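Atoms considered below: every heavy atom in the structure, side chains included; atoms not considered: hydrogens, waters and symmetry mates. Just so we're clear, the structure is a prediction, and the values are computed from it rather than from any experiment. Reminder, nothing fancy here: chain letters follow the sequence lines and each chain counts from 1.
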Amino acid sequence: MPQETDAARLQALLEGLNEPQREAVTHGEGPLLILAGAGSGKTTVLTRRVAFLLFSGQARPSEVLAVTFTNKAAAEMRGRVERLIGHGTRGMWLMTFHSACARILRAKADLLGYTRSFTIYDQADSRRMVKRCMDEVGVDHKRFTPAAVQSRISAAKNLLLSASAYRDQASGPFEEMIAEVYRRYERELEAANAMDFDDLLYRTVSLFELHPDARRDYASAFRHVLVDEYQDTNHAQYRLLQLLIGGGQQPARGEAVSIPGHRNLAVVGDDSQSIYGFRGADVSNILDFARDFPDARVVKLEQNYRSTQNILSAANAVISHNRAGIAKQLWSDLGEGTTLHVRSLPDEHAEARLIVGEIQRLLDEDLATRAEIAVLYRTNALSRVLEDTLVRAEISYQVIGGTKFYERAEVKDAIAYLSLIANPQDAVSFQRIVNSPRRGIGQASVAKVLAHAGSSDLPIWKVASVPQEVPGLGAAAIKAIARFMSTMEELRELARGGASVAELLEQTLQKTGYLEALEAERTIEAQGRLENLEQLVDVAAEFDEREDQEAEDRVELPAAEPPAAPSPDQDALPLAELAPEPAAASGLGLFLQQIALLADADARRDEEGLITLMTLHNAKGLEYPVIFIAGCEEGVFPHSRALDEGGIEEERRLFYVGITRAMRELYLTYARRRRIFGEPTASLPSSFLQEIPDELIDFEQEQERGFGFGFGGGTAVEIRPSFGGFSGGGGVRASDARRRGNGCPAPSFRLGEDVVHAAFGEGVVTAIEPDGVIVVRFAGDGSERKLIAEYAPVSRR
DNA sequence: ATCCTGATTTTTTTT
DNA sequence: AAATCAGGAT
């Protein structure tokens with residue numbers, strides 16, 4: 001390739017960048033810290049830097065490892081790098097921390113006593129296993145919840161504490177109990193050939209520490225490592241990076257063993273946006289970067305290209321209340337913009353009405369499109385009222401997070417079937433599906449099979465295949481299990497024979513009688529489940545298609561590497577041996593892995609006519625012209641559980657993240673009364689609101705309104721917005737008034753009755769609950785909702 | 001073995 | 001308000 005073209009290509013990469021951005025993009029070898037304030041173009045810098053490394057011959061595609069936290073972020077980076085370099089990015093390791101680790105572990109699974117078809121347990125799976133271990137140890141559920149124990153174990157793994165190391169430093173009976181559960185939990189995981197999320201990081205570190213040659217292979221393969229959102233890395237990730245690139249350590253915590261390596265590490269992050277402390281993220285990783293690497297180049301990006309100055313001034317003011325981190329002062333040349341809108345409402349319903357009303361106005365007046373608006377909140381529970389109100393207003397929306405598709409029981413069942421086929425040791429999946437649909441195999445029988453597998457040290461599949469050898473199993477159970485396993489064996493043959501994932505899934509649902517059982521139910525509920533399963537088959541089919549496509553690409557473009565860059569590492573292994581894909585890991589395993597590592601944020605759809613609702617955490621890295629932050633109340637945000645142990649600073653950073661998502665308009669709303677755990681509770685505005693200078697704000701307070709409901713006879717209740725004296729009284733009075741205020745005869749509904757709802761359309765009553773509550777599944781979207789029969793606009797069809 | 005019901009707990013945030 | 005769970009009835 002001619003010299004001029006190269007120079008021109010490099011030049012093009014720097015176009016439109018400001019000075020510090022250029023510095024970051026063109027930095028050569030050695031450690032680099034990019035302190036990227038919100039909206040300062042960090043993804044641009046990251047992607048151009050990757051392209052720069054390739055164009056300047058500093059790295060070949062296969063020598064770049066760029067890690068992010070979500071698949072979405074990885075996909076976005078991939079897309080943008082592709083556009084910059086004009087061809088595919090195959091061969092580049094551009095993925096999440098967890099995917100990269102899963103990939104490494106699959107290639108080297110045997111070194112850790114695993115097979116490459118190990119299963120990845122999600123939090124629910126792992127929790128069930130923790131619970132079982134707690135039962136074994138005889139821990140009282142009333143005193144310690146599995147969730148609490150699980151989170152302790154998770155924290156230990158994030159700190160790279162093994163079960164025995166944890167036991168050695170445990171103090172007091174509580175920690176000793178955790179240590180014992182942890183030990184058993186690890187044993188069970190290994191027996192099941194399974195890993196939890198934390199294991200992916202933890203065991204990759206173990207792999208590299210126990211097998212220096214494996215470490216060396218990867219360390220020399222990746223000549224340049226880039227990390228996004230560095231402020232959210234935990235200790236395991238920190239250590240992993242050390243092992244890959246060599247060098248730095250934090251003497252305060254680490255062992256002072258220096259690891260040799262090229263030290264080509266570029267990290268991007270913002271300590272002010274560190275919001276994952278609860279899952280082990282350690283801000284000191286970014287704060288101490290310069291200490292770990294005294295020769296690091298540090299670049300600060302402070303020009304914000306996203307928000308108006310008013311929004312940035314508010315953000316700067318809020319974050320200044322934290323104990324100083326790394327000083328940054330965001331600025332923008334987009335002009336002052338409008339003031340921030342702070343709104344006080346009597347309760348959460350009024351809050352939702354205000355938000356939806358304002359959205360309606362913005363849409364009507366063409367001030368924004370749906371895709372340009374997002375509503376953020378601290379906890380998922382806050383979305384419910386907002387959703388109801390949006391549905392009534394007939395504004396389409398998407399919710400990120402909350403109840404996820406892949407957590408639906410039927411979807412989890414289907415995946416459990418596939419997991420068991422892929423990994424015959426997967427006891428958790430076995431347990432889940434052995435009696436679903438009902439086959440007459442009860443808890444007692446399952447327990448016997450599991451116990452026998454545990455004591456004989458055989459895979460669960462092997463044990464279940466010869467049920468007559470399980471001690472104490474009844475004749476009926478033996479027959480049922482044998483029948484079940486013969487079906488499973490058949491399916492496994494199918495998988496071995498190279499069936500596509502979609503085919504295998506369809507056959508599984510068919511032959512196990514799962515579909516049949518659902519069809520036999522003949523309820524709208526079951527109908528919805530069947531549709532979900534159809535969707536899952538579609539997902540599998542898409543996956544198969546992608547796989548085929550990639551296989552073709554590989555045939556057509558053998559070694560589509562750009563002109564050889566100088567590579568001193570002649571002995572470096574070709575990437576193919578470091579990654580198990582594609583032939584080695586069956587398509588099924590890869591499919592299961594991808595599903596297991598999906599994040600909520602990955603489900604977000606852009607460029608569609610949808611308002612987006614999500615938690616503040618899920619909003620990190622995103623931007624919207626119009627942002628609403630709901631529930632700005634003391635106890636909600638900052639959350640009451642975060643108020644102790646220094647969590648307030650992290651909450652403030654979360655607020656900072658929220659504010660800086662907004663480009664043009666920012667609404668901060670709070671309710672003076674809100675139902676929490678079903679109890680009406682009086683609340684005060686968030687203390688964070690007071691940290692925003694008055695001159696940046698316009699404030700309006702909506703007074704309490706009566707409960708008219710448009711029926712005419714409603715009794716207006718005057719409740720003064722006073723928080724001082726008592727709490728809850730207003731709420732109680734309000735609900736009394738509500739009960740009496742409506743003179744309509746109570747309509748009664750019967751199970752299975754067809755009904756029609758003013759906003760949700762047609763549906764069927766699937767349950768009757770006390771206090772006049774009915775459950776209706778709606779045909780429109782398959783959703784199931786609880787309604788108060790007396791007040792909801794429903795009638796018999 | 002399965003179903004039902006009342007009690008208990010849940011709400012932080014998530015790869 | 002909603003979901004999960006344990007214990008007891010069938």
Between A/Arg128 and A/Gln431, is any side-chain donor less than 3.5 angstrom from a side-chain acceptor? no
Flag side-chain contact, heavy atom, 4.5 Å: A/Leu473 against A/Ile481: yes
C/dA6 versus B/dT11 - spacing of their P atoms, nearest Å: 16 Å
Could you check how far NE2 of A/His639 sits from C1' of B/dT10, rounded to whole Å? 10 Å
Closest to side chain of A/Thr70, choosing from B/dT11, B/dT13, B/dT15: B/dT15
Using a heavy-atom cut-off of under 4.0 Å over every strand shown, decide if A/Asp198 touches base, sugar-phosphate, or nothing. nothing
Ring geometry between A/Tyr114 and A/Phe118 (parallel below 30°, tilted from 30 to 60°, perpendicular above 60°): perpendicular
Any side-chain N or O of A/Asn435 under 4.0 Å from OP1/OP2 of B/dA1? no
Pairing residues for A/Ser687 by the side-chain hydrogen bond (donor to acceptor under 3.5 Å, both in side chains) criterion, not counting sequence neighbours: A/Glu634
If you measure only the distance, is there a donor-acceptor pair under 3.5 Å linking the side chains of A/Asn322 and A/Tyr656? no
Classify the nucleic acid contact of A/Gln123 as base, sugar-phosphate or nothing, counting any heavy atom under 4.0 Å across all strands shown. base
Closest to the A/Thr145 side chain: B/dT10, B/dT14, B/dT15? B/dT10
Counting heavy atoms from C-beta on, name the nucleotide in B/dT14, B/dT11, B/dA1 closest to the side chain of A/Arg279. B/dT14
Rounding to an integer number of Å, can you tell me how far A/Leu386 CG sits from B/dT11 P? 19 Å
Identify which nucleotide among B/dT2, B/dT11, B/dT13 has an atom closest to any side-chain atom of A/Arg438, counting heavy atoms from C-beta outward. B/dT2
Between P on B/dT13 and CG on A/Asn618, what's the gap in Å once rounded to a whole number? 10 Å
In whole angstroms, how far is the C1' atom of B/dT11 from the CZ atom of A/Arg675? 16 Å
Which is true for A/Tyr276 with a 4.0 Å heavy-atom rule: it touches a base, it touches only sugar-phosphate, or it touches nothing? sugar-phosphate
In whole Å, I'd like the distance from the CG atom of A/Leu382 to the P atom of B/dT10. 19 Å
For DNA chain B, whose closest nucleotide is more 5', that of A/Ile676 or that of A/Ser445? A/Ser445
Can you see if the side chain of A/Lys131 gets near the phosphate of C/dA6 - specifically, an N or O under 4.0 Å from OP1 or OP2? yes
Could you state the atom-to-atom distance from CD of A/Gln231 to C1' of B/dT15 in whole Å? 14 Å
Which nucleotide in the set B/dT11, B/dT15, B/dT13 lies at the smallest distance from any side-chain heavy atom of A/Asn380? B/dT13
From CD of A/Glu679 over to C1' of B/dT11, roughly how many Å is that when rounded to an integer? 15 Å
Whole angstrom value for the distance that separates C1' of C/dA3 from CZ of A/Phe677: 13 Å
First encountered from the 5' end of DNA chain B, between A/Ile441 and A/His98: A/Ile441
Do A/Lys42 and A/Asp228 meet the salt-bridge criterion of a basic N to acidic O distance under 4.0 Å? yes
A/Thr615, nearest nucleotide to its side chain (from B/dT13, C/dA1, B/dT11): B/dT13
